[in-house]
Amino acid sequence: KAGVTQTPRYLIKTRGQQVTLSCSPISGHRSVSWYQQTPGQGLQFLFEYFSETQRNKGNFPGRFSGRQFSNSRSEMNVSTLELGDSALYLCASSFRDTENTEAFFGQGTRLTVV
Amino acid sequence: KNEVEQSPQNLTAQEGEFITINCSYSVGISALHWLQQHPGGGIVSLFMLSSGKKKHGRLIATINIQEKHSSLHITASHPRDSAVYICAVRFQTGGGADGLTFGKGTHLIIQP
């Protein structure tokens with residue numbers, strides 16, 4: 001069974017540009033959540049989707065957005081990139097939308113903003 | 001404020017030692033996760049707990065809901081256990097649960 005796949009793995013963008021990251025969950029999983037990891041702040045929750053609906057959103061500015069498609073694949077978009085957006089972006093998928101369900105993480109996309 | 005505290009921040013031990021990593025949280029939760037992250041970034045989910053104790057190989061995780069505390073134990077530690085171990089909880093707020101809140105991680109090094 002294939003794991004969670006994130007593309008691309010590495011990305012370099014310039015300040016002011018926008019970026020789209022992709023996450024393909026494990027087959028059959030309908031819940032996808034996104035996280036940002038930086039050396040200073042550690043791991044922080046961005047948003048969570050289930051069946052194409054955003055269920056929860058973390059404390060990030062509106063420049064960060066996401067969506068989920070009918071096949072459960074998810075994308076997140078960051079507009080007007082800032083240097084501080086440089087981070088490892090991780091997504092995780094799970095089978096159900098309930099609280100007590102194991103999360104499976106992808107390898108992450110490392111975004112560098114220059 | 002909903003917070004997750006992990007200790008110790010860094011831990012260096014000799015191969016074969018018994019390792020304990022602690023996690024405490026501020027308010028009620030619906031679930032607690034223990035995660036392992038190796039250099040390069042990939043995260044592996046080790047355990048998800050809402051009560052009691054779980055064991056997988058040399059790893060044991062316990063949670064005390066009343067004390068708001070969880071521990072991750074590694075028995076007969078091995079250099080391949082060297083990684084960052086992260087505690088994450090899903091707080092129960094309002095009518096439902098928010099996304100995961102993470103501890104800052106414990107950087108574990110097991111020396112041969």
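Letters A, B, ... mirror the listed sequences (proteins, then strands); counts begin at 1.
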Original post:
Do Leu90(A) and Leu21(A) sit in the same hydrophobic cluster, where Ile, Leu, Val, Met, Phe, Trp and Tyr count as joined when their side-chain heavy atoms come under 4.5 Å apart?
Top reply: no
Subject >> Connected via hydrophobic side-chain network under 4.5 Å: Tyr49(A) and Phe95(A) >> reply: no
**OP:** Mind checking the CZ-OG spacing from Arg90(B) to Ser33(A)? Nearest 0.5 Å is all I need.
**Re:** 7.0 Å
Subject >> side-chain contact (heavy atoms from CB on, under 4.5 Å) partner of Leu43(A), chosen from Leu100(B), Ile43(B), Thr101(B) >> reply: Ile43(B)
Original post:
chain B heavy atoms under 4.5 Å from Gln37(A): which part of the residue, side chain, backbone, both or neither?
Top reply: side chain
**OP:** Let me know if Phe47(A) has heavy atoms under 4.5 Å from chain B in its side chain, its backbone, both or neither.
**Re:** neither
Subject >> Criterion side chain to side chain contact (heavy atoms under 4.5 Å, CB included) on Phe105(A) and Leu35(B), from CA distance to verdict >> reply: CA-CA 10 Å; Phe105(A) 286 80; Leu35(B) 310 170; 3.8 Å; yes
Subject >> Closest heavy-atom pair and its distance - Ala103(A), Ser45(B) >> reply: O-CB, 3.2 Å
How about [atom1] on [X], more than 12 heavy atoms from neighbouring residues, nucleotides or ligands closer than 6.0 Å, or not?
| X | atom1 | value |
| --- | --- | --- |
| Asn59(A) | CG | no |
| Ile109(B) | CD1 | yes |
| Arg15(A) | CZ | no |
| Gln9(B) | CD | no |

**OP:** Sort Ile29(B) into side chain, backbone, both or neither according to what part of it lies under 4.5 angstrom from a heavy atom of chain A.
**Re:** neither
